[in-house]
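A short worksheet on the structure shown next.
The shown structure was predicted, so the numbers you read here are calculated from the model rather than taken from an experiment. The residues of the chain are indexed from 1 along the displayed sequence.
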Amino acid sequence: MRILVVEDEQILADAITSGLRREAIAADATYDGASALELATVNAYDVIILDRDLPELHGDEVCQRLVAAGNPARIIMLTASSDVSDRVAGLSLGADDYLPKPFTFTELVARVRALARRPTAVVPPVLTRRGIRLDPARREVFRDGKYVALRRKEFAVLEELLRANGTVVSAEQLLEKVWDENADPFTNVVRVTMMNLRKRLGEPSVIDTVSGVGYQVR
């Protein structure tokens, strides 16, 4: 496998890179976010070890750009913060794993190898259809370039419809994917959420109702 280490503390970056090479893992090092984006575009990396607290171009921005561009590399974010909210925030940006500093090198190697074994996702990170652009990593939706503010369930419903790639999604499937096992199968929550979602997306409606079957974005 081939790894990119992005860490502004050069001594730490070089130490990680040297250690990976001793593990028979090809590794490159860079010390800022801009060069990391350039290297990730030119080279095919399996895993990117990304320090979150980079100066100038923050690690969050690097992660978001890589995910939005559909870069297939897995991302492990490093940070000096061990706060749970920071971990959640890092993962919500599209990172695949999160490792607080200080860490043991053996654990880092184990996480790298585990990520490299994961199959590459087949679903594009950014979903587009009929003028709709949905970014799961940034939790953003745009219609014809204009931002659309959605509630959590509305966002999740739209995401499922776009992931269906034009096929019909039943109300039962939406209940299973967006709500939970305790949801009443006879509830009208899907219909109400769909009505609100259509209002927020505006006219003309991009969500079609297939009578007796479900909903689709053709």
- Counting N and O atoms only, with roles assigned by atom type, does the side chain of R130 sit under 3.5 Å from a partner on the main chain of V206, one being a donor and the other an acceptor? yes
- Note on the structure: In short, salt bridge (charged side-chain N to carboxylate O under 4.0 Å, His left out) pairs touching residues 1-18 with sequence neighbours left out are R2-D28, E7-K101
- Is any side-chain N of the basic residue among D60 and R52 closer than 4.0 Å to the acidic one's carboxylate O? yes
- Query: Any donor and acceptor pair, going by atom type alone, linking the side chain of E154 with main-chain N or O of R151 inside 3.5 Å?
  - Reply: yes
- Query: Does any pair with a residue in residues 131-177 pass ring pair (Phe, Tyr, Trp, His ring centres under 6.0 Å), and if so which ones, sequence neighbours excluded?
  - Reply: F142-Y147
- Partners meeting side chain to side chain contact (heavy atoms under 4.5 Å, CB included) with R129 (sequence neighbours left out): L162, N165, V217
- Message: Check whether N71 reaches the backbone of A40 with its side chain - one donor and one acceptor, N or O, closer than 3.5 Å.
- Response: yes
- Item | Polar side-chain atom of D32 near backbone of S35 as donor-acceptor pair, under 3.5 Å | yes
- Query: When you look at CD of E38, are more than 12 heavy atoms from neighbouring residues, nucleotides or ligands closer to it than 6.0 Å?
  - Reply: no
- Query: Quick one: does E61's side chain have a donor or acceptor within less than 3.5 Å of a partner on H58's backbone?
  - Reply: no
- Message: Going by side chain to side chain contact (heavy atoms under 4.5 Å, CB included), name the residues that satisfy it together with E56, two or more places apart in sequence or in a different chain.
- Response: none
- Query: So which residues get pulled into V210's cluster when ILVMFWY side chains under 4.5 Å apart are joined, directly or through others?
  - Reply: V168, V213
- Item | Side-chain donor or acceptor of S205 paired with backbone N/O of I207 under 3.5 Å | yes
- Cluster companions of I11 among Ile, Leu, Val, Met, Phe, Trp, Tyr (side-chain spacing under 4.5 Å): none
- Item | Test item: R111 side-chain N/O and D97 main-chain N/O as donor-acceptor pair under 3.5 Å | no
- Query: Is R21 reaching over with its side chain to a backbone N or O of A27, donor-acceptor style, under 3.5 angstrom?
  - Reply: yes
